[in-house]
Amino acid sequence: MEPSIQMVREQYTTTTQGTRLERPENQYVYKIGIYGWRKRCLYLFVLLLLIVLVVNFALTIWILKVMWFSTTGMGHLHVTKEGLRLEGESEFLYPLYAKEIHSRVDSSLLLQSVHNVTLNARNSDGEVTGRLNVGPKMVEVHGQQFQISSIDGKLLFTVDENEVAVGTDKLRVTGPEGALFEHSVATPLVRADASKHLRLESPTRSLSMNAPKGINIKAQAGNIEALSQMDIKLHSRDGVLSLDAGTVRLPKLPEGTKGGSDWSQDLYEICVCPDGKLYLAAAGRYSTCQEYSHVCQ
């Protein structure tokens with residue numbers, strides 16, 4: 001029993017003040033932390049992270065400076081209470097959706113494109129109901145009606161599928177060839193300028209003027225000429241044809257052969273054939289139209 005008690009005492013020996021306890025010679029020492037190549041890699045990673053942070057911050061400052069970012073907007077684009085305001089020229093690469101587009105007070109609104117400028121109006125289903133296409137050779141308008149009005153709301157010009165209406169007081173055609181109409185024209189007045197001639201012409205067909213109550217042709221200062229390759233017909237259904245003038249001249253009427261009457265003295269009378277042809281016959285004491293009736297044959 002005595003050896004075992006001694007072993008226990010040696011095992012649980014308490015240290016008192018002034019005593020020294022020696023550690024075992026084979027005890028291991030564990031170091032806490034990062035040492036060696038791991039420590040160098042960590043420092044290198046932190047350095048790269050700082051470099052990336054500084055470069056990113058510098059690029060952000062450069063982008064803000066180049067794009068002209070400010071508290072009111074970006075560059076020429078300013079954000080206001082009324083919407084967006086653009087200063088100078090602006091280029092849009094994709095469709096622009098806006099409720100209203102206004103220009104500055106001291107300048108006009110310019111829409112410019114290399115190919116064409118197209119304005120579309122759509123309904124709630126997305127279908128195009130109106131289109132304005134301004135191209136390099138043509139301006140096209142697609143819609144049910146095209147209308148131009150004045151500032152005070154007066155209708156100036158209207159085009160639809162049925163008719164073209166001009167609401168101005170005067171329609172002026174300034175072309176040297178005048179106006180060309182392929183079909184009929186209904187108008188209450190056709191008038192030329194004070195210093196110009198009025199000319200109604202049909203080069204290859206006939207020219208017809210119809211009016212339910214009458215046709216008034218007036219030249220206040222000048223002559224009225226009617227030229228035709230074939231016939232000129234003046235027809236009145238219910239009234240008469242009146243030539244009201246101081247002198248009525250028919251210079252190219254054919255003349256019949258003079259008779260032996262001594263009573264003519266270079267006087268002629270106008271004779272009418274059954275078909276309406278006029279000719280001159282030498283005047284006598286009585287009518288000589290029967291003597292020269294062979295002209296009507």
Side-chain angles (χ1 to χ4, degrees), residues 1-137 139-140 142:
M1 292 297 292
E2 186 175 355
S4 61
I5 296 172
Q6 185 177 0
M7 185 179 298
V8 174
R9 288 178 180 178
E10 292 179 357
Q11 185 175 0
Y12 294 99
T13 301
T14 59
T15 58
T16 60
Q17 188 176 3
T19 61
R20 180 179 180 183
L21 182 61
E22 297 179 358
R23 298 179 179 180
E25 296 179 359
N26 297 329
Q27 185 177 3
Y28 295 98
V29 178
Y30 294 96
K31 297 180 179 180
I32 301 174
I34 300 175
Y35 299 93
W37 64 272
R38 294 184 181 87
K39 184 177 181 180
R40 289 191 294 270
C41 290
L42 179 61
Y43 287 162
L44 180 61
F45 178 75
V46 174
L47 181 60
L48 291 177
L49 185 61
L50 290 175
I51 293 175
V52 171
L53 181 62
V54 172
V55 172
N56 191 12
F57 182 75
L59 289 177
T60 303
I61 297 300
W62 179 75
I63 292 174
L64 292 176
K65 184 177 180 181
V66 170
M67 299 300 294
W68 296 351
F69 280 99
S70 63
T71 57
T72 59
M74 179 184 66
H76 296 296
L77 179 64
H78 301 282
V79 180
T80 62
K81 295 180 180 180
E82 299 177 355
L84 298 178
R85 179 177 180 181
L86 290 174
E87 298 289 344
E89 297 182 359
S90 301
E91 181 178 357
F92 299 94
L93 301 179
Y94 297 97
L96 174 63
Y97 298 92
K99 184 178 180 180
E100 293 183 3
I101 300 177
H102 300 276
S103 64
R104 296 191 306 179
V105 179
D106 57 345
S107 63
S108 60
L109 179 62
L110 175 63
L111 300 178
Q112 184 175 356
S113 174
V114 177
H115 299 286
N116 54 24
V117 177
T118 303
L119 301 178
N120 293 331
R122 301 178 182 270
N123 55 13
S124 58
D125 297 331
E127 299 177 353
V128 178
T129 57
R131 175 180 299 172
L132 174 62
N133 187 4
V134 181
K137 297 181 180 180
V139 177
E140 298 180 355
H142 299 271

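A quick note: this is a predicted structure, and the numbers were derived from the prediction, not measured.
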Contacts of E127 meeting side-chain hydrogen bond (donor to acceptor under 3.5 Å, both in side chains) (sequence neighbours excluded), chain-then-number -> none
Residues R122 and V128: closest non-hydrogen pair is NH1-CG2, 3.3 Å
Using the rule side chain to side chain contact (heavy atoms under 4.5 Å, CB included), only one of L59, I61, T60 pairs with F57; which is it? I61
So among L47, L53, V54, which one has a side chain to side chain contact (heavy atoms under 4.5 Å, CB included) with I51? L47
Just how far is it from atom CH2 of W37 to atom CG of L42, taken to the nearest 0.5 Å? 11.5 Å
Holding to side-chain hydrogen bond (donor to acceptor under 3.5 Å, both in side chains), I want the full list of residues that pass it with T118, two or more places apart in sequence or in another chain. N133
Please report the shortest heavy-atom distance between S103 and S108, naming the atom on each side. CB-C, 3.8 Å
Out of curiosity, K137 NZ to N116 CG, how far, rounded to the nearest 0.5 Å? 13.0 Å
Output all residues satisfying side-chain hydrogen bond (donor to acceptor under 3.5 Å, both in side chains) with R40, sequence neighbours left out; order by chain, then residue number. none
